[in-house]
Amino acid sequence: MVRYETLLLTTPELSTELAEQLESQLEAVLREHGGVLLSYDRWGKYFLAFPVEKNDYGIYFLARFELDPARKTEALEAIRLFYAVRHAETVFRHVIKALDMEAPLMYARPQSLEEIPEETEGAAPAASEDGETVAAA
Amino acid sequence: MARKVKLKVSTRILRKKARRSSYATVKHCRFCANDATEHSLDFKNAVLLRTFVTERGKILPSRISGNCARHQRRLTAEIKCSRSMALLPFASGHR
């Protein structure tokens, strides 16, 4: 099997039902092409580095999956079509990358807006943090 | 008034080289140090990648960052991927 990961940037107004629907539909596409969904993480809401489709905020999702090497080309094409056709309005951008099978599944990601504690008035600023969160998949 | 004696070319070059080497600090590629740092070089790790770009969003050259050629190539690819996912800016002044 070959391992891949895909990072999705979706609209900030994505509802919970639609997020679950996205996961189940992605899993169905993978199953149809002989793949297995390993993990599906919701990173949370982020302030984007630059506006994407006139949106300053976006929600990131990271999915990891394994594919049969013999059918990987058609499976990857099906995933791209799935994003472009069925979720054209919800998924702004996506990237699919191959993963090393021996590499650890831990990864670091920037802190989302939901994880940053809200500052109360008059309170001292939080201790210096590099804003990095380590997640296991 | 004492005239400045012009040294021979070879002596001047040797002195210049010695002066430069005394000031310069030896740079090492931080990703070559161990496996953990190499695995941390990833397009998702925008906090790390942000240390390798300037305030304007330009990628730092390896002569400044000290990366080896292999890791500088990988770093460039990861920064570009991170930019395409709006985790890093292409340039400052978008807002």
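Please read these numbers as outputs of a predicted model, since none were measured by experiment. A, B, ... follow the sequence lines: proteins, then strands. Residue 1 opens every chain. Below, all heavy atoms of this structure are taken into account, side chains as well, without hydrogens, waters or symmetry copies.
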Task: Non-neighbouring partners of B:Thr51 that pass side-chain contact (heavy atoms from CB on, under 4.5 Å), sequence neighbours left out - done: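 With neighbours one apart ignored, the set is B:Arg30.
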Hey, quick one: are [X] and [Y] part of the same hydrophobic cluster, counting side-chain heavy atoms closer than 4.5 Å, chains of contacts allowed?
X       : Y       : result
B:Met85 : A:Ile59 : no
A:Leu37 : A:Leu67 : yes
A:Leu14 : A:Tyr46 : no
A:Phe61 : A:Leu48 : no
B:Leu41 : B:Val53 : yes

Which members of [range], sorted by number, sit under 4.5 angstrom from chain B on a heavy-atom basis?
range                     : result
residues 91-98 of chain A : A:Arg93, A:His94, A:Val95, A:Lys97
residues 1-10 of chain A  : A:Glu5, A:Leu7, A:Leu8, A:Leu9
residues 73-86 of chain A : none

Open item on the list: Can you give me the closest heavy-atom contact between B:Pro89 and A:Ala49, atom names plus distance?
Closed with: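 Where B:Pro89 meets A:Ala49 most closely, the heavy atoms are N-CB, 3.5 Å.
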Open item on the list: Just so I understand: if I count every heavy-atom pair under 4.5 Å between each of B:Leu88, B:Asp35, B:Leu48, B:Leu87 and chain A, which residue has the most?
Closed with: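 Max contact count across the listed options: B:Leu87.
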Open item on the list: Looking at A:Arg71, I'd like to know if its CZ atom is crowded, meaning that more than 12 non-hydrogen atoms belonging to other residues, nucleotides or ligands lie closer than 6.0 Å.
Closed with: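 Yes, the 6.0 Å shell around CZ holds more than 12 heavy atoms from other groups.
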Task: Pairwise distance OH(A:Tyr60) to NZ(B:Lys44) - rounded to 0.5 angstrom - done: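 So the gap between those two atoms works out to 13.0 Å.
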Task: B:His39 side chain near A:Tyr107 side chain, heavy-atom distance below 4.5 Å - done: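 Heavy-atom side-chain distance check fails, nothing below 4.5 Å.
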Task: Side chain, backbone, both or neither of B:Arg83 within contact of chain A (heavy atoms, under 4.5 Å) - done: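 Looking at B:Arg83, just its backbone touches chain A.
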